[in-house]
Asker: 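First, the structure itself, so that you have it in front of you.
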Protein chains: 2
Amino acid sequence: MSKKTDLRILRTKQSIRTAFIALIQEKGYEAITIQDIADRAMINRNTFYLHYENKPDLLNTYMDELLGELKNAVVLCPISMNPYSIAILETVMQTVLEHISRNTSFYYAMLIEENRIYMFQVKMENIIKDKLNEGWNPAEGNPPLAISKELLFEYLVSSFMGIIIWWVKNDRPLPAGEVSSQFSRLVAYGHLKVAGIAFEE
Amino acid sequence: MSKKTDLRILRTKQSIRTAFIALIQEKGYEAITIQDIADRAMINRNTFYLHYENKPDLLNTYMDELLGELKNAVVLCPISMNPYSIAILETVMQTVLEHISRNTSFYYAMLIEENRIYMFQVKMENIIKDKLNEGWNPAEGNPPLAISKELLFEYLVSSFMGIIIWWVKNDRPLPAGEVSSQFSRLVAYGHLKVAGIAFEE
DNA sequence: ATAAATAATGAACGTCTTGTTGTTTATCTA
DNA sequence: TAGATAAACAACAAGACGTTCATTATTTAT
């Protein structure tokens with residue numbers, strides 16, 4: 001029952017992957033040709049087609065792989081979560097940042113600079129949105145939201161991603177714990193209060 | 001001194017533009033070929049090259065044109081602006097939304113769905129960031145920011161764009177004034193307070 | 001260790017798209 | 001109306017794609 005995959009396949013796939021990431025950072029996804037990948041990976045161009053249908057297929061396979069890991073990394077414990085609490089924001093942010101720390105070069109290639117893969121950000125946003133939604137069960141007895149839940153989530157997710165991108169772009173200038181704490185307070189209490197600016201009404 | 005441009009040029013350029021926008025929505029920017037544009041615009045493929053270098057050139061020309069209009073549309077009156085105030089957020093949001101309302105089909109093609117032009121969002125973010133920065137002169141005597149200004153701006157701009165995209169995607173479900181008011185209050189006072197959720201400390 | 005299986009190579013192909021260069025035709029401006 | 005010029009038409013080489021097929025090399029399983 002030991003269905004081991006051929007070593008040659010593993011080696012080739014790894015070569016392709018490494019070459020691909022490097023090339024994205026060098027010239028951007030769109031500019032890459034299959035021949036580029038083959039050259040860099042030191043394989044025949046034909047060999048590429050033995051493993052992937054085309055360039056988008058390679059990209060998607062790779063993205064889904066990493067985002068699957070991200071999904072698994074963010075585990076919520078709803079019991080300890082106060083509904084509508086800022087704890088959920090902080091927890092998700094914290095675990096996402098830790099996961100990113102374990103895959104910096106990949107996330108850098110995907111999220112930062114000219115050559116970023118915009119599609120990746122969209123996929124990541126959806127995952128974040130699901131996770132927040134998941135841990136966001138409204139307690140009964142609470143008053144209904146005063147604003148559109150969709151609007152609220154759009155706001156939360158986009159600011160969430162904004163912070164993450166800022167953090168990765170600046171080579172993680174603050175510890176993950178600090179960022180997640182600042183972020184959740186920023187969102188929950190407003191920038192005027194958290195930034196120490198005079199409160200107006 | 002009446003350097004009028006040849007009518008043929010105007011007509012051709014307009015045809016190209018219309019065809020281009022339609023094609024983006026139909027099959028996405030990347031999938032479009034010059035021949036596609038020529039067919040749709042009912043011009044010879046060669047004629048395209050008389051006006052634009054290539055596909056990216058066409059895209060950039062068009063984007064810069066509209067974003068130039070956006071830049072001009074957002075005029076700040078620093079006199080009436082309270083530094084660090086939420087008024088600046090509200091004003092910018094309001095004028096941007098109004099500008100978008102005047103060019104919905106274009107912004108829809110650029111910002112929404114599978115076939116969006118991600119580059120456009122980046123350019124737009126930079127404009128928003130500049131505008132916010134412009135109207136954001138710290139009053140002397142105020143305490144220094146308790147958090148990184150960069151982090152704060154990243155947060156503001158990304159949530160700003162998130163709201164805008166949500167608004168365009170959902171066919172502008174609320175009046176511009178309402179959205180800009182809700183947004184500025186959301187950012188300034190926090191989602192807990194604005195959404196009517198029990199405040200925790 | 002050897003044989004069978006299969007991954008990788010290398011060459012060749014038709015197709016499509018690109019960007020360019022001429023020449024001719026049609027249209028606009030002055 | 002005449003000169004200017006935009007647009008059409010035809011043709012080209014170069015590059016990239018995706019596929020086929022025979023051959024070589026490596027791995028797995030016996």
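Reminder, nothing fancy here: chain letters follow the sequence lines and each chain counts from 1. Just so it is clear, the structure is predicted and the values come from calculations on it, not from any experiment.
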Asker: Does this structure show an ion pair linking A:R45 with A:D39, if we count only N-O contacts that are shorter than 4.0 Å?
Answerer: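 Salt bridge between A:R45 and A:D39, a charged N being under 4.0 Å from a carboxylate O: no.
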Asker: Roughly, in whole Å, what's the span from NZ in A:K13 to C1' in C:dT6?
Answerer: 15 Å
Asker: In terms of the angle between their ring planes, are A:F106 and A:Y62 parallel, tilted or perpendicular, with boundaries placed at 30° and 60°?
Answerer: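 A:F106 vs A:Y62 ring planes: tilted.
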Asker: Measure the acute angle between the ring planes of B:F20 and B:Y29, then classify it against the limits of 30° and 60° as parallel, tilted or perpendicular.
Answerer: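 Aromatic pair B:F20/B:Y29 classed perpendicular.
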Asker: Indicate whether OP1 or OP2 belonging to D:dA7 is found under 4.0 Å from a side-chain N or O atom of B:H51.
Answerer: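 Result: yes.
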Asker: To the nearest angstrom, how far is A:Q35 atom CD from D:dG18 atom P?
Answerer: 13 Å
Asker: Between A:K149 and A:N133, do the side chains contain a donor N or O and an acceptor N or O under 3.5 Å apart?
Answerer: yes
Asker: Identify, between B:L50 and A:T33, the residue whose nearest nucleotide on DNA chain D lies closer to the 5' end.
Answerer: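 So the residue in question is B:L50.
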Asker: Would you say A:T47 reaches C:dA7's phosphate, i.e. side-chain N/O to OP1/OP2 under 4.0 Å?
Answerer: no
Asker: If you only use heavy atoms from C-beta on, which nucleotide in C:dA8, D:dG18, D:dC9 is closest to the side chain of A:Y49?
Answerer: D:dG18
Asker: If you only use heavy atoms from C-beta on, which nucleotide in D:dT27, C:dT18, D:dC17 is closest to the side chain of A:R45?
Answerer: D:dC17
Asker: Return whichever of B:R8 or B:K55 has its heavy-atom-nearest nucleotide of DNA chain C closer to the 5' end.
Answerer: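 Final value for this comparison: B:K55.
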Asker: The side chain of B:N46 is closest to which nucleotide in this list: D:dA16, C:dT21, C:dT9?
Answerer: C:dT21
